[in-house]
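Below: the structure, in structure tokens.
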Amino acid sequence: MAAVFFIWLGRRQRSTGRNALAQTETMRAADRLIPPPTPSRGYRTGGCMYIVVGCVFALPAVFNLLAAILALVG
């Protein structure tokens, strides 16, 4: 489950260039409008790192699945 979350978070952050929790729309506060944060290269890089972390979590599950298939076949 953690792998899916980290891969989703990384893809979202990499595609938008913004923090995953930041608003992507203009917000109204009192009597003025607050624009969304600008895209950042650092957030895109962070998104790639989240994808790598998610893949590291998913890799043991893939190995276990392959081992189970090989045990059933052979």
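Between Ala3 and Gly54, the closest heavy-atom pair is CB-O, 3.3 Å. When every heavy atom of Phe57 is checked against every heavy atom of Ala2, the shortest pair comes out as CD1-CB, 4.3 Å. Across Ile34 and Ala29, no two heavy atoms sit closer than the pair CD1-CB, 3.6 Å.
Every residue two or more places apart in sequence or in another chain that forms a side-chain contact (heavy atoms from CB on, under 4.5 Å) with Leu33 is listed here: Thr26, Arg28.
The structure places CZ of Arg11 at 11.5 Å from SG of Cys48, a figure rounded to the nearest 0.5 Å. With rounding to the nearest 0.5 Å, the separation of CZ in Arg32 from CE in Met27 is 10.5 Å. One distance of note links OH of Tyr43 with OH of Tyr50; it measures 9.5 Å at 0.5 Å rounding. Rounded to the nearest 0.5 Å, atoms CG (Asn64) and CD1 (Ile69) are 11.0 Å apart. A distance of 9.5 Å separates CD in Gln13 from CD1 in Ile51, rounded to the nearest 0.5 Å.
Using a 4.5 Å cut-off between side-chain heavy atoms of Ile, Leu, Val, Met, Phe, Trp and Tyr, with links allowed through other members, Met49 and Leu9 fall into different hydrophobic clusters.
Counting only heavy atoms from C-beta outward, the side chains of Ser15 and Arg44 never approach each other to under 4.5 Å.
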